[in-house]
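These numbers come from the heavy atoms of this one structure, side chains and all, not from hydrogens, waters or symmetry mates. Labels below follow one simple rule: chain letters A, B, ... track the order of the sequence lines, proteins then strands, and each chain is numbered from 1.
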Amino acid sequence: MALKLYNSLTRERETFQPLNPPRVGVYVCGPTVYGHSHLGHAKSYVSFDTILRWLRASGWDVNYVQNITDVGHLTDDADAGEDKIIVEARRRGLHPMAVVESFMRSYYEDMDALGVLRPDIAPRATGHITEQIEQIRVLIERGHAYEVNGSVYFDVSSYAPYGRLSGRTVEELEAGARVAVNEEKRHPADFALWKRAEAGHIMRWPSPWGAGFPGWHIECSAMSQKYLGETFDIHGGGNENKFPHHECEIAQAECATGRPFARVWLHNNMCTINGQKMGKSLGNSVLLKDVFHTGRPLRDREGALLLERAFEPVVVRHFILTSHYRQPLDFSNDALRAAESGSYKLRDALHELSRAVVAKARLAPSASPPALAPVASDAFPPGNAGARLAAIAALAPSEGLRATLERSAERFAEAMDEDFNTAAAIAALFDLARTATECVKADAPLGDLAAAELLMRRLAGDVLGFSWRAAGGGDDGTRDGLIQLLVDLRNEARQARNFALGDQIRNRLAALGVQLKDGPSGTTW
RNA sequence: GGCGGCGUACCCAAGUGGUCCAAGGGAACGGUUUGCAAAACCGUCAUUCGCGGGUUCGAAUCCCGCCGCCGCCUCCA
């Protein structure tokens, strides 16, 4: 079983084979930090995070680079308009770098909440001006770029494959150009590598062509190659950046080195809300901070309901992963509510399973559960996640359960290996949850429960990145003790048939977010 | 105008030639359990995959036409 992924560059599903196994280099276009992150960022980065997690679960030694764009991203096309960050800085009366700092922190805060793992290297464009200047210099030297009045443009005619990724030709671009042609450019499709800084432009650096700032595309070419090499395995990004951003990246990088750039391109699709494109200008942009924390209904400019209340980050993550990363995804209040129910079903199943394991282990402290023996990850060659997951399933002592767990692990791995089919993987996870609940109900032996728990945590937690706010029984001993006290009092009241008091305790705990469940073996929450 | 994609049950959403007369979740309904709930469990819920043709022994899956929706082509994850 090997990973197959859809390569946007070849438009085919290919078997993944790293350039220098077991090492895998991945670059994903990061955000331009001029505002808080919205649902679109969540879709993109949750998708790529899950892809990263799966590569790692497969045993690859992944080096993950994701940039922070903090200069050069203009409000219009690549060669006109203002820098987005400068615009925001002026609006807030701050230095551009202060804007960058605050939104960068905001971005990581939201991503952390979503369970998106931080990149191994998070290079900032402003920290790599030298590298960008150097690459531009090489491009001029090799005849792929030209300088005009202190700005440098890439000569599109010098790179024949330009347009391959996005399926366009230079002629088409010219014909369909809606942008006013910049007089400095030789060809309308040429794009800026370096822009002359006009007087008063705050973000400026010295260069061989005078004071200026880098174009938006050059940072990704320069930084990805700096940290991953001239040719590397995977480049990811949003669909909307195929053209011009990624097309330009390829042109710059390949012309500068004369060697192939990224071997595989992964593009995730965009999201809509209530069936409409989401955008600042449309007034229906939903910020993640609003989703996670809003205490009141969120409406768009016209007053239509976007969200009736807050949803915790894991619910957003769950919803995103129930569809495929290359499919568009439509957010809506109803969809999130449905995802929430489903997500909590998984959470509760895992929670019950963990409790059962703890309870069993307490009863038989001497019996060391075989399932807790770790599975050595270096026992498998890289590139086969299925074998690793199956090994966890194989820890179950009972033959019947072992077979069931192995089937779940296999289904999950097959799904993920098919171009990261998280929707099908989640389906397998739901089946595993059902198995887990059955084990708990059937009072299965400790080893079985522990194996099921280990597998479920691996799939739900490590691979899919689900982490619930109140998951795993809580680590706050005082809080749990107090709740248990109330539960005991309530059960005494119930035994005395004082249901009014019992219900009152239950209702007031529910109001505090603690839901009691009366089962045959006692009350849980 | 050019490029790309989508249309699967009440809703979300997998599946891209046979093992699919179609996963999984949500909602709904019936049942078990319960003091009542909640949760859990069992069952029901697309003879059908936008529409019409065609290819094939066989199609949701391939081809043609039509209808509808969306994205990109200017910044956007």
- Task: Could you pull out all residues at least two apart from A:Asp155 that satisfy side-chain contact (heavy atoms from CB on, under 4.5 Å)?
- Result: A:Tyr146, A:Ser157, A:Ser158, A:Arg186, A:Asp190
- Query: Using a 3.5 Å cut-off on both pairing distances, which stems of three or more Watson-Crick or G-U pairs include RNA chain B?
  - Reply: B:1-7 with B:67-73, B:10-12 with B:24-26, B:28-32 with B:40-44, B:50-54 with B:62-66
- Message: If the condition is salt bridge (charged side-chain N to carboxylate O under 4.0 Å, His left out), which residues does A:Arg164 pass it with, not counting sequence neighbours?
- Response: none
- Query: What residues, two or more places apart in sequence or in another chain, satisfy side-chain contact (heavy atoms from CB on, under 4.5 Å) together with A:Pro96?
  - Reply: A:Ile85, A:Ile86, A:Ala89, A:Ile202, A:Met203
- Message: Is the base of B:G25 stacked against the aromatic ring of A:Phe430, taking ring centres under 5.5 Å apart and planes under 30° as the test?
- Response: no
- Query: Does A:Asp334 have any side-chain contact (heavy atoms from CB on, under 4.5 Å) partners at least two apart in sequence or in another chain, and if so, which?
  - Reply: A:Ser332, A:Arg337
- Side-chain contact check for A:Ala427: nearest option of B:G24, B:A77, B:G35 is B:G24
- Query: Sequence neighbours excluded, which residues qualify as side-chain contact (heavy atoms from CB on, under 4.5 Å) partners of A:Glu240?
  - Reply: A:Met270
- Residue met sooner reading RNA chain B from 5', once A:Arg326 and A:Lys277 are mapped to nucleotides: A:Arg326
- Contacts of A:Ser398 that satisfy side-chain hydrogen bond (donor to acceptor under 3.5 Å, both in side chains) - sequence neighbours left out: A:Asp448
- Query: When rounded to the nearest Å, what value does the distance between C1' atoms of B:U8 and B:C45 take?
  - Reply: 15 Å
- Message: Taking side-chain hydrogen bond (donor to acceptor under 3.5 Å, both in side chains) as the definition, give me every residue that meets it alongside A:His41, ordered by chain and number, with sequence neighbours left out.
- Response: A:His38
- Using the P atom as the reference point in each nucleotide, state the distance between B:A14 and B:A77 in Å, no decimals. 23 Å
What's touching nucleotides 28-33 of chain B from the protein side, N or O pairs under 3.5 Å?
none

- Query: Side chain of A:Ser44, backbone of A:Gly40: donor and acceptor closer than 3.5 Å?
  - Reply: no
- Message: With heavy-atom distances below 4.5 Å as the criterion, would you say the side chains of A:Leu288 and A:Leu39 are in contact?
- Response: yes
- Note on the structure: Hits for salt bridge (charged side-chain N to carboxylate O under 4.0 Å, His left out) against A:Asp431, two or more places apart or cross-chain, chain-then-number order -> A:Arg411, A:Arg434
- Mark yes or no for a side-chain to base donor-acceptor pair under 3.5 Å between A:Arg506 and B:A38, with no hydrogen or angle criteria applied. no
Are any protein N/O atoms closer than 3.5 Å to N/O atoms in nucleotides 12-15 of chain B? If there are, list each pair with its distance.
| unit_1 | atom_1 | unit_2 | atom_2 | d |
| --- | --- | --- | --- | --- |
| B:A13 | O2' | A:Thr322 | O | 3.1 |
| B:A14 | OP1 | A:His324 | N | 2.8 |
| B:A14 | O3' | A:Asn421 | ND2 | 3.0 |
| B:A14 | O2' | A:Asn421 | ND2 | 3.1 |
| B:G15 | OP1 | A:Asn421 | ND2 | 3.3 |

- Residues in salt bridge (charged side-chain N to carboxylate O under 4.0 Å, His left out) with A:Asp110, at least two apart? A:Lys289
- 5'-most contact on RNA chain B (nearest-nucleotide basis), A:Ala338 vs A:Arg494, goes to A:Ala338
- Query: B:C10 and B:U16: how far apart are their P atoms, nearest whole angstrom?
  - Reply: 24 Å
